[in-house]
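Have a look at the structure below, then the notes.
Numbered from 1 within each chain, the chains take letters A, B, ... in sequence-line order.
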There are 2 protein chains.
Amino acid sequence: MVVVRDARHPDPDEMTLTEVMAALSDPIRVGLVRLLSDGQERGWGVLRAPVSKSTLSHHLRVLRDAGLTRTRQEGTRCYVVLRREDLQARFSGLLEAVLAAADSEDVGSQVGLALDDAATPGPPN
Amino acid sequence: MVVVRDARHPDPDEMTLTEVMAALSDPIRVGLVRLLSDGQERGWGVLRAPVSKSTLSHHLRVLRDAGLTRTRQEGTRCYVVLRREDLQARFSGLLEAVLAAADSEDVGSQVGLALDDAATPGPPN
DNA sequence: TCCTTTGTTCGATGTTCGTGAAACATCGAA
DNA sequence: TTCGATGTTTCACGAACATCGAACAAAGGA
């Protein structure tokens, strides 16, 4: 997956509001953001969503391009983390408001973690 | 414009986060929201955007369907107002965060008011 | 009654989006 | 080097979207 090397991670000042809003207009992507909202870095592999591998990859790309998440590659695996601080710096209060609304509405509840290592805190030992 | 009679104005609890986010993922619609953010009711006719009449009508419909604005008809004219309280009730803090971000980025600056009665405060006397 | 004003709705068109299957690229292990 | 695991990219497709011009509908005025 050569892509991660090309991974575009916009700086806070390169993020655009409309791109972020568009990224958050899909339930699956909102679900992914909710999943990552605890600040924990998650392995790509533990993410579970009712879509194919390629579609999930697409959604993660949209989130990354918008600046919502950061993807890190380690060996053959990828890890995703929410860019809370950067988002706060650029769009103060937006993420919190979205997360609160998403929780109250339970948006993207179809998205979850693999039952086994559901707590995968990051890179394996 | 018989349409206003069919106008769908969702209750706060009928609004969905993803629909609101989608509505705010277009610069012109964000511009319209910014224009209405002072709480003033504006006449359809004073709204200026670099799109055709039908496209503007479409954008206003998207905003209305998402619950962001309320449209009122008076005689042959229409008036639009931002539903700040309802949005606050349903998505606490979201609108404020979006408006702040939109201002700092100057999203939708192409949207404006007619030069003449730019301050049309509502129904004409 | 006829005409003007004001928006809405109806095609039509080109673009973007969400989706999956399949091919591909990269890394680590055998 | 060969193989398996892990994601990414390409391709294709239907649906949704942004856009416009034209037709339409409702309310007021001449």
Protein-nucleotides 12-17 of chain D N/O pairs closer than 3.5 Å?
none

Would you mind reading off the distance between [X] atom [atom1] and [N] atom [atom2], rounded to a whole angstrom?
X        : N      : atom1 : atom2 : result
A:Leu60  : D:dT6  : CG    : C1'   : 13 Å
B:Leu24  : D:dA18 : CG    : P     : 12 Å
B:Asp26  : C:dT15 : CG    : P     : 17 Å
B:His59  : C:dG7  : NE2   : P     : 17 Å
B:Gln73  : D:dA25 : CD    : P     : 15 Å
B:Arg61  : D:dT19 : CZ    : C1'   : 16 Å
B:Gln110 : D:dA18 : CD    : C1'   : 14 Å
A:Arg72  : D:dT6  : CZ    : C1'   : 15 Å

Quick test: give all pairs of protein nitrogen or oxygen and nucleotides 28-30 of chain C nitrogen or oxygen below 3.5 Å, distance rounded to 0.1 Å.
none

Within a strict 4.5 Å, meaning less than it, do heavy atoms of the A:Leu82 and A:Leu63 side chains meet?
-> no
Any side-chain heavy atom of B:Leu24 within less than 4.5 Å of one from B:Val33?
-> yes
Identify the heavy atoms of [X] and [Y] that sit nearest to each other, and give their distance.
X        : Y        : value
B:Ala97  : A:Ser92  : CB-O, 3.8 Å
A:Val107 : A:Pro27  : CG1-CA, 3.9 Å
A:Phe91  : B:Ala101 : CD2-CB, 3.4 Å
B:Ala66  : B:Ala23  : CB-CB, 3.9 Å
A:Pro12  : A:Arg83  : CD-NH2, 4.1 Å

So which nucleotide from C:dT19, D:dG21, C:dG7 ends up closest to the side chain of B:Ser52?
-> D:dG21
Go through C:dG7, C:dG20, D:dT6 for me and flag the one nearest to the B:Lys53 side chain.
-> C:dG7
Can you name the salt bridge (charged side-chain N to carboxylate O under 4.0 Å, His left out) partners of A:Asp13, sequence neighbours left out?
-> none
Salt bridge (charged side-chain N to carboxylate O under 4.0 Å, His left out) with A:Arg34: which residues, sequence neighbours excluded?
-> A:Asp103, A:Asp106
Please determine if A:Glu41 and A:Arg70 form a salt bridge, counting it only when a charged side-chain N lies under 4.0 Å from a carboxylate O.
-> no
Side-chain donor-acceptor contacts of residues 14-22 of chain A below 3.5 Å, not counting sequence neighbours, with atom names and distances?
residue, atom, partner, partner atom, Å
A:Glu14, OE1, A:Asp11, N, 2.9
A:Thr16, OG1, A:Glu19, N, 3.2
A:Glu19, OE2, A:Arg8, NH2, 3.3

Within the structure, does a side-chain N or O atom of B:Thr55 lie under 4.0 Å from either OP1 or OP2 of D:dC20?
-> yes
Comparing A:Ser54 and B:Gly45 on DNA chain C - which has the more 5′ nearest nucleotide | B:Gly45
Please, what dot-bracket string fits DNA chain C when only Watson-Crick and G-U pairs with both distances under 3.5 Å count, crossing ones use [ ] and pairs to another strand use |?
-> ||||||||||||||||||||||||||||||
If we ignore angles and hydrogens, is there a donor and acceptor under 3.5 Å between the side chains of B:Ser52 and B:Thr55?
-> yes
